Amino acid sequence: MWRIISVFSLLGLLFSGCAFGGYARADLQEHQPTFGTDATKSQIVEMLGPPDKYIQIDNTEYLAYKTKKGWFVLLGGRTEANEYEIKLTDGKFTSARFIPAGSSYGILAPQGAVAE
């Protein structure tokens with residue numbers, strides 16, 4: 001009888017630490033924002049916040065936002081990381097795309113520490 005109680009207690013403890021969802025701008029992976037061709041850099045930054053990476057080459061600018069989502073259970077988790085890149089030409093929105101940055105698993109790691 002004590003073995004059954006111990007097993008169920010251990011399973012309860014293990015699954016009580018579950019956390020599923022996203023972190024670090026995971027909303028960009030779920031709901032890609034749409035911009036018109038007349039959207040400016042200041043409008044995009046106002047909507048998404050300051051970019052994690054900024055590159056300017058001549059009249060072309062790139063704003064990049066890191067995104068992560070995944071799941072985490074008491075003993076480990078999995079994280080999928082992407083970069084959301086927005087291209088602006090002459091200060092106007094041109095295109096946007098996701099660039100895969102990889103995925104990873106972690107054991108005994110806090111949520112969000114995987115795929116740093």
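For clarity, every value in this text was computed on a predicted model and none was experimentally measured.
Taking 4.5 Å as the limit, every side-chain heavy atom of F35 sits out of range of all side-chain heavy atoms of Q43. The side-chain heavy atoms of Y84 and L63, taken from C-beta on, include no pair separated by under 4.5 Å.
For Q56, the side-chain hydrogen bond (donor to acceptor under 3.5 Å, both in side chains) partners at least two apart in sequence or on another chain are Y54. A101 is linked by a side-chain contact (heavy atoms from CB on, under 4.5 Å) to A81, counting only residues two or more places apart in sequence or in another chain. In terms of the side-chain hydrogen bond (donor to acceptor under 3.5 Å, both in side chains) criterion, residue partners of T94 (sequence neighbours excluded) are, by chain and number, T89. A search for side-chain hydrogen bond (donor to acceptor under 3.5 Å, both in side chains) contacts involving S95 returns nothing, not counting sequence neighbours. Legend: residues meeting side-chain hydrogen bond (donor to acceptor under 3.5 Å, both in side chains) with S42, ordered by chain and number and at least two apart, are T40.
Residues L88 and A39 come closest through the heavy atom pair CD2-O, 4.5 Å. The nearest pair of heavy atoms linking E61 to G91 is OE1-CA, 4.1 Å. In plain terms, the two heavy atoms of P100 and N82 that are nearest each other are CA-OD1, 3.1 Å.
Side chain of Y65 to main chain of G49: a donor-acceptor pair is present (N/O by atom type, distance under 3.5 Å, no hydrogens or angles). In terms of modelled atom types and a separation under 3.5 Å, the side chain of D52 and the main chain of K66 share a donor-acceptor contact.
The environment of D58 atom CG is sparse: at most 12 non-hydrogen atoms of other residues, nucleotides or ligands sit within 6.0 angstrom.
Residue pairs that meet the salt bridge (Lys or Arg N to Asp or Glu O under 4.0 Å) test with at least one member in residues 86-100, sequence neighbours left out, are E85-R97.
When hydrophobic side chains of Ile, Leu, Val, Met, Phe, Trp and Tyr are connected at separations under 4.5 Å, I55 ends up clustered with I57, Y62.
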